[in-house]
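See structure below.
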Amino acid sequence: DKGSTEFVNYESNVFDNQSLVSNDILSLFEDESGTIWVGTYDGISLFNMGAAFKNYRNNPMETNSLSSNMMAGIYEDNEGLLWVGTVSEGINVVNRKNGKVERYKSSDDYNSLSNNNIRDITGIDNEIWIATEEGLTKYDKRTKNFTKYFQGNNKNSLISNDIRNLYIDDQGILWIATKDGICSFDRDKKFTSYRELFLKNGIRETMFSDIIQDKDGLFWIASTLNGGLISLDRNTNEVNIYRNDEDDDKSLSFNAIRSI
């Protein structure tokens, strides 16, 4: 509660269908209206301060429902549509105006997702960018076409197909955090890897879970296992590492970071 020093806890209650759908939370997203979308292992809860939770879950008998209850990334596009990723059943596009849910899944058709295990979703203009367990996918809302990107044998490709997080910076560059390092993509043809720069600065860990850009243009990168917090100045290639120091109570509290 911003107006006080008290914390308010919200928990699932199996006897109350207006409570949080599950306590196992995977993702949080605040849309343009201020509604909080809570992605869990058992569906999605919508929350507005002072109101009851509204829950969405999979109904096996209803195609106009979520394709799965295990939620991953959530993104609101420029039309107000919610793109909701799942752990194993692709993407759901939720139109809150008419209640319609449209599903997209990987298939033998090339014009489909690269994989149904969704890790993160972001977008810019009419492009929806989708991180999966097996490659990067772009969906063009104008042409309704999917474009897939995979790790290749040359430097101008993804550095890993196992993608954990996506971020679009103030120049429209797509940043990709993977199991095997960080790279960026100009959203057209050029991939840039930061693996060698990180190694040069003593960063041995390759698994990253989150990346953001602050108001000064500095990038902050979360190291998943034990590498701490990393800052990157794209203009100078200056890299700084922040880790826990047991003898310094002002240092980072823990070196394994999931989100920023």
Side-chain angles (χ1 to χ4, degrees), residues 1-104 117-131 139 141 164-168 170 209-215 220 222 257-260:
D1 185 341
K2 293 182 180 180
S4 72
T5 58
E6 295 182 356
F7 286 92
V8 179
N9 296 321
Y10 299 93
E11 296 181 339
S12 177
N13 183 341
V14 294
F15 301 107
D16 181 2
N17 60 12
Q18 293 185 330
S19 69
L20 187 64
V21 70
S22 170
N23 291 327
D24 292 322
I25 298 172
L26 291 171
S27 59
L28 293 173
F29 179 81
E30 183 177 5
D31 67 23
E32 287 292 331
S33 70
T35 299
I36 304 295
W37 291 66
V38 186
T40 79
Y41 270 110
D42 199 26
I44 287 183
S45 288
L46 274 64
F47 176 67
N48 287 290
M49 190 66 66
F53 284 93
K54 181 178 180 181
N55 298 324
Y56 290 88
R57 301 184 75 252
N58 169 256
N59 182 347
M61 305 302 294
E62 175 60 65
T63 57
N64 193 51
S65 70
L66 297 178
S67 58
S68 169
N69 287 327
M70 298 179 67
M71 300 295 110
I74 304 173
Y75 171 73
E76 182 179 21
D77 70 16
N78 54 9
E79 298 177 283
L81 299 175
L82 266 293
W83 295 70
V84 181
T86 71
V87 172
S88 61
E89 295 294 328
I91 284 180
N92 302 267
V93 183
V94 180
N95 187 325
R96 290 165 292 174
K97 294 180 180 178
N98 59 21
K100 182 180 178 182
V101 178
E102 189 172 5
R103 300 175 179 178
Y104 294 100
N117 187 340
I118 309 301
R119 295 284 176 71
D120 196 19
I121 308 170
T122 191
I124 182 171
D125 300 327
N126 287 300
E127 300 173 2
I128 305 297
W129 291 90
I130 304 154
Y139 179 73
K141 295 196 299 177
R164 304 305 172 94
N165 181 258
L166 299 174
Y167 181 81
I168 296 176
D170 59 3
S209 54
D210 200 6
I211 180 169
I212 66 167
Q213 183 183 29
D214 67 22
K215 61 182 178 62
W220 295 89
I257 303 174
R258 298 297 175 88
S259 183
I260 304 173

[X] (side chain) donor-acceptor with [Y] (main chain) under 3.5 angstrom:
X	Y	result
D24	T40	no
N55	S19	yes
R96	L82	no
N23	E11	no
R103	S65	yes
D125	E127	no
S67	E89	yes

Exercise: identify the closest heavy-atom pair between [X] and [Y]:
X	Y	answer
Y10	L20	O-CD2, 3.7 Å
L166	T122	CB-CG2, 3.8 Å
N58	L66	ND2-O, 2.6 Å
W83	K141	CZ2-CD, 4.1 Å
N64	E62	N-OE2, 2.9 Å
S27	I74	OG-CD1, 3.8 Å

TODO: Taking the side chain as every heavy atom from C-beta outward, state whether I118 and V84 have any atom pair closer than 4.5 Å.
DONE: no
Euclidean distance, [Y] [atom2] relative to [X] [atom1], rounded to 0.5 Å:
X	Y	atom1	atom2	answer
S22	N69	OG	CG	9.5 Å
I211	R164	CD1	CZ	15.0 Å
M71	T86	CE	OG1	6.0 Å
Y104	N92	OH	CG	11.0 Å
Y139	I130	OH	CD1	9.5 Å
D77	I128	CG	CD1	5.0 Å

Task: Note: K97-E79 ion pair, threshold 4.0 Å (strictly below) - done: no
- [ ] Give a yes-or-no answer on whether the side chains of S33 and D31 include a donor-acceptor pair shorter than 3.5 Å.
- [x] yes
TODO: For a ring pair (Phe, Tyr, Trp, His ring centres under 6.0 Å) with F47, tell me which candidate from F53, W37, F29 qualifies.
DONE: F53
Open item on the list: V87 vs L26, test: side chain to side chain contact (heavy atoms under 4.5 Å, CB included). Steps then yes/no.
Closed with: CA-CA 10 Å; V87 172; L26 291 171; 4.3 Å; yes
TODO: Go through the structure and list residues passing salt bridge (Lys or Arg N to Asp or Glu O under 4.0 Å) with R119, not counting sequence neighbours.
DONE: E133, D162
- [ ] Can you sort out the partners of N165 under side-chain hydrogen bond (donor to acceptor under 3.5 Å, both in side chains), two or more places apart, ordered by chain and number?
- [x] D120, D210
